[in-house]
Amino acid sequence: MSPAAASSTIRVTLPDGSVKEFGGPVTAYQVAESIGSRLARAAVGAKIDGQLADLSSPIERDCSLSIVTPERKAHGSESRATMEPDPDALYLLRHSAAHVMAEAIQRVVPGAQLVYGPPLETGFYYDIRFPDDRPLKEGDFEAIEAEVGKIVKEDRRFTRYELGVEEGMKKLRAEGSKYKVDNAERAIAASGGSETHGSESRATVKLSWYATGEPGTHWEDLCRGPHVPSTGRIGAVKVMSLASSYWHGDETSDRLTRVYGTAFFSKKDLDEHLDRLEQAKARDHRVLGKHLRLFHIDEMVGQGLVLWTPNGSVVRKELQNFISEELKKQGYTEVFTPNIGRLELFRTSGHFPYYADSQYPPVIERESLAALASEGCSCAQLSNKLSTGDIDGYLLKPMNCPFHIKIFDSQPHSYRDMPVRLAEFGTVYRWEQSGELNGMTRVRGFTQDDAHLFCTPEQVQAELLGCLSLVKIIFATLGMEDYRVRVGLRDPDSSKYVGDPANWDKAEEACRQAAKTLGVPFKEEPGEAAFYGPKIDFVVKDVIGREWQLGTVQVDYNLPERFDLSYIGPDNKPHRPVMIHRAPFGSMERFCGVLIEHFAGAFPTWLAPEQVRVLPISEKTNEYAARVVAELKAAGVRATLDDGNERVQAKIKHAADMKIPYMAVVGPRDAENGAVSVRARGVQHDLGAMALGGFVAGVRQEAAARLAWGEPGTVTAAMQVG
RNA sequence: GCCGCUGUAGCUCAGUGGUAGAGCGCACCCUUGGUAAGGGUGAGGUCGUGGGUUCAAUCCCCACUAGCGGCUCCA
């Protein structure tokens with residue numbers, strides 16, 4: 001169709017495939033009205049040719065259009081009319097709420113300069129530069145929310161207007177906010193024009209503003225949009241928290257205050273959201289770790305250094321046993337190496353001094369230290385001497401690989417011995433920034449379920465697959481399905497990577513191929529590689545949505561080079577092996593932390609620190625209860641006795657609080673029959689009596705088979721069916 | 001490291017310019033009770049650390065320290 005012909009009739013295709021014709025330009029709102037007045041009232045925006053837009057957007061040519069309303073039909077339930085929040089609607093809402101919050105903040109703190117305020121998955125934020133003598137405090141939230149309430153109540157229209165580049169930039173410069181000038185420049189650059197290279201496109205590029213009300217009268221902000229029609233559509237806004245951020249994420253640039261908020265169409269939705277956050281907190285591994293006595297971090301021991309208490313140690317040990325069994329099947333051999341090593345080792349590997357900032361400072365020999373002190377050596381000189389090798393010292397190991405390399409290199413290898421697979425639960429230490437530490441998920445000392453595979457170039461692909469299958473076995477056994485796979489490649493613009501680009505290409509291709517055969521979707525991410533090679537990472541989310549890298553598999557052509565490793569090939573000549581680094585759990589600390597949240601502390605029987613608690617009804621059956629416990633223990637079941645001076649009801653409550661899989665209630669009736677009355681975690685009633693021998697065998701088998709909680713074959717499942 | 005918030009009994013948390021309180025837990029006593037908290041009594045705190053203001057500081061101010069939420073970083 002020619003543009004000329006299009007000028008009269010406009011055809012709008014709706015989501016159901018029907019077509020509406022209009023005699024001339026219309027707005028999205030008018031289209032909605034033509035469909036139905038209820039729809040028009042509910043509408044908060046439109047999607048025009050897949051692009052989210054204002055309801056007031058003019059439609060001047062044929063297009064497809066859908067009206068965005070707060071709720072939409074839930075996926076996969078064609079027949080029933082269940083509704084769920086529409087993500088596009090929430091996007092519009094939160095983007096709009098960010099504007100309203102910013103206006104409110106500027107009322108509360110005059111002189112606050114706005115920088116950038118995008119919507120997020122669960123809310124929005126606005127980066128703001130506050131006057132140095134008037135930082136924003138949490139105590140200001142109430143006043144801000146009150147102002148937000150007023151603006152919402154006034155129900156002012158979001159009014160868009162556009163200016164050409166010249167005029168727009170003039171306006172922004174006159175207003176004197178370098179942040180908004182910068183935003184505009186970026187917007188212009190992104191849309192093809194640029195201030196410095198004036199071009200044809202630049203003349204057509206427009207900058208847009210949104211006034212909350214009348215331009216010139218009411219508050220306004222440079223913004224691409226789109227927004228909901230008016231502030232009255234914003235149901236409930238809450239200012240959530242404050243954080244510091246950097247302009248453009250650059251730590252040498254201006255420090256800004258990031259104000260987080262969230263918004264929903266109704267107060268009820270907001271309350272539900274806050275409720276969900278509250279529930280998430282209850283399964284936070286730091287909360288559960290304390291409550292279930294799984295681990296302890298002590299100020300006197302040091303930041304980020306985890307003390308594994310007896311309960312947590314059981315979980316860890318079971319996981320280690322599990323993986324050790326898998327390693328045996330896959331032909332690994334286990335090794336042990338020390339926690340420190342000479343600087344020379346890490347100079348060769350490249351970890352020192354390039355990563356000196358993220359390591360604990362070196363340990364220096366007594367004599368060297370005394371000599372340097374008597375010379376009056378400064379810190380800077382000392383640091384210099386350590387890097388150059390003028391003096392030697394030891395480093396708490398940041399990685400296990402150099403040690404495994406020296407084990408490999410301690411004897412000659414033939415291609416016939418390859419691959420050599422060395423595994424170790426190796427503890428490493430890294431100086432993470434204090435603000436980064438987080439429970440067990442980000443720590444300064446942690447144990448990797450590490451292994452290094454030394455193989456021939458031909459073996460790389462097969463070994464990579466072996467590693468990936470190991471990760472899959474682990475995730476499947478633990479029922480962890482909610483993870484994503486990331487192939488970390490090098491960032492072409494960065495200089496932090498070491499080694500030959502040709503080898504990098506080979507390694508990246510090998511990872512890509514291996515990831516493809518994994519059978520799960522993956523994403524390639526440049527810049528996420530290790531400094532020595534590309535990697536395949538398994539990333540999971542914690543209860544509050546933060547992502548953590550767990551399992552990792554990395555290809556490395558670099559370290560074999562640095563350590564001049566070789567094996568003798570079929571041609572009787574030395575060849576360079578390739579290394580694969582892999583840690584399917586990542587680290588025991590992080591993995592257990594994530595696992596605690598995954599299970600909300602309710603571990604499957606094989607992992608549970610306490611598997612069975614025996615609860616005598618009264619003192620009269622204490623003796624029988626003790627025999628039950630002894631029998632369970634003899635069978636290798638982790639069982640305890642609660643012979644406290646309480647009623648069973650209280651004992652049940654306490655056992656449930658500790659999320660113990662099974663309770664064995666025993667009274668005179670059970671004692672007489674040699675039975676136990678079984679109660680399973682999460683089941684609100686007694687499952688009935690069971691012969692003691694059968695119960696012991698059942699729990700033992702359930703644990704030995706590493707069954708998931710309640711799956712066929714467990715005691716719970718058997719008793720509920722029978 | 002940066003910004004904000006927080007630090008009071010083993011745990012969760014109230015509270016106050018005149019050296020502290022609850023619930024749970026713990027100890028002891030009564031109770032011997034068949035499936036999600038029986039009753040009583042009691043012990044337990046240099047109010048994160050160090051300075052300052054004050055007649056007087058757990059409370060106000062400053063610094064430090066640790067935790068939390070983010071930012072940056074993450075071999």
Side-chain angles (χ1 to χ4, degrees), chain A residues 125 127-128 130 135-141 240-260 277 281 284 286-287 290-291 293 297-300 302-304 346 349-352 354-355 357-359 397-402 428 430-439 442 444 448 488 496-498 528-533 535 544 546 548-549 552 554 556 558-559 581 615-622 644-657 663-670 677-679 681-689:
Chain A
Y125 68 79
D127 276 346
I128 300 176
F130 285 94
L136 197 69
K137 308 257 184 184
E138 271 182 24
D140 295 318
F141 288 6
M240 300 294 286
S241 64
L242 291 176
S244 110
S245 64
Y246 303 107
W247 195 27
H248 299 160
D250 174 2
E251 64 178 324
T252 62
S253 188
D254 294 6
R255 268 189 285 280
L256 309 171
T257 302
R258 179 166 295 182
V259 189
Y260 281 87
L277 290 182
K281 230 165 81 183
D284 188 309
R286 293 162 301 192
V287 174
K290 202 173 263 179
H291 183 228
R293 300 175 200 289
I297 295 174
D298 195 286
E299 197 177 324
M300 193 176 277
Q303 279 183 286
F346 297 104
S349 71
H351 295 113
F352 188 86
Y354 302 113
Y355 287 92
D357 288 347
S358 47
Q359 290 157 182
K397 68 175 171 186
M399 294 189 95
N400 298 305
C401 25
V428 299
R430 299 179 188 179
W431 187 264
E432 304 287 356
Q433 293 189 108
S434 63
E436 269 313 323
L437 300 172
N438 184 278
R442 189 77 183 263
R444 284 185 174 164
Q448 297 177 306
K496 76 170 187 176
Y497 306 100
V498 296
E528 289 294 327
F531 78 98
Y532 50 73
K535 55 182 188 167
I544 50 179
R546 289 179 296 205
W548 300 100
Q549 177 196 310
T552 180
Q554 311 175 352
D556 181 3
N558 174 55
L559 283 176
H581 308 240
L615 313 179
I617 297 275
S618 78
E619 271 175 22
K620 289 173 189 153
T621 37
N622 275 0
N645 190 12
E646 281 168 316
R647 300 175 60 194
V648 236
Q649 285 89 326
K651 293 182 183 180
I652 287 169
K653 171 91 168 53
H654 296 148
D657 270 356
M663 296 175 221
V665 176
V666 294
R669 221 159 47 217
D670 303 289
S677 295
V678 179
R679 215 184 142 108
R681 181 178 60 209
V683 181
Q684 297 297 318
H685 55 87
D686 187 354
L687 293 177

Can a side chain N or O of [X] be found less than 4.0 Å away from OP1 or OP2 on [N]?
X	N	answer
Gln433(A)	C73(B)	no
Gln684(A)	A36(B)	no
Arg258(A)	C2(B)	no
His654(A)	C24(B)	no
Arg293(A)	C11(B)	no
Lys290(A)	U12(B)	yes
Asn622(A)	U32(B)	no
Ser434(A)	G1(B)	yes

If you only use heavy atoms from C-beta on, which nucleotide in [options] is closest to the side chain of [X]?
X	options	result
Lys620(A)	C73(B), G34(B), G33(B)	G33(B)
Arg546(A)	U65(B), C2(B), G70(B)	G70(B)
Arg286(A)	G33(B), C68(B), C71(B)	C68(B)
Tyr246(A)	G1(B), G67(B), G38(B)	G1(B)

Practice problem: May I ask you to say whether Arg679(A) pairs ionically with Asp686(A), meaning some side-chain N is under 4.0 Å from a carboxylate O? | Solution: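 Salt bridge flag = no for Asp686(A) with Arg679(A).
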
How is [X] classified with respect to the nucleic acid when contacts are heavy atoms under 4.0 Å: base, sugar-phosphate, or nothing?
X	answer
Tyr355(A)	base
Asp657(A)	nothing
Asp670(A)	base
Glu619(A)	base
Tyr125(A)	nothing
Gly439(A)	sugar-phosphate

Quiz item: If you find the nucleotide of RNA chain B closest to Ile297(A) and the one closest to Lys137(A), which residue's nucleotide is nearer the 5' end?
Solution: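 Checking each residue's closest nucleotide, the 5'-ward one belongs to Lys137(A).
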
Practice problem: Using the closest heavy atom to pick a nucleotide of RNA chain B for each, name whichever of Gly644(A) or Arg444(A) lands nearer the 5' end. | Solution: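 The residue mapped nearer the 5' terminus is Arg444(A).
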
Quiz item: If pairs are Watson-Crick or G-U with both distances under 3.5 Å, what is the dot-bracket string of RNA chain B, marking crossing pairs with [ ] and pairs to another strand with |?
Solution: (((((((..((((....[..)))).(((((.......))))).....(((((..]....))))))))))))....

Practice problem: Sticking with atom P, work out how far U49(B) lies from U8(B), rounded to a whole angstrom. | Solution: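 Between the two P atoms, the distance is 10 Å.
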
Quiz item: With no angle test and no hydrogens, is the base of A36(B) tied to the side chain of Arg679(A) by a donor-acceptor pair under 3.5 Å?
Solution: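 Side chain to base: pair present.
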
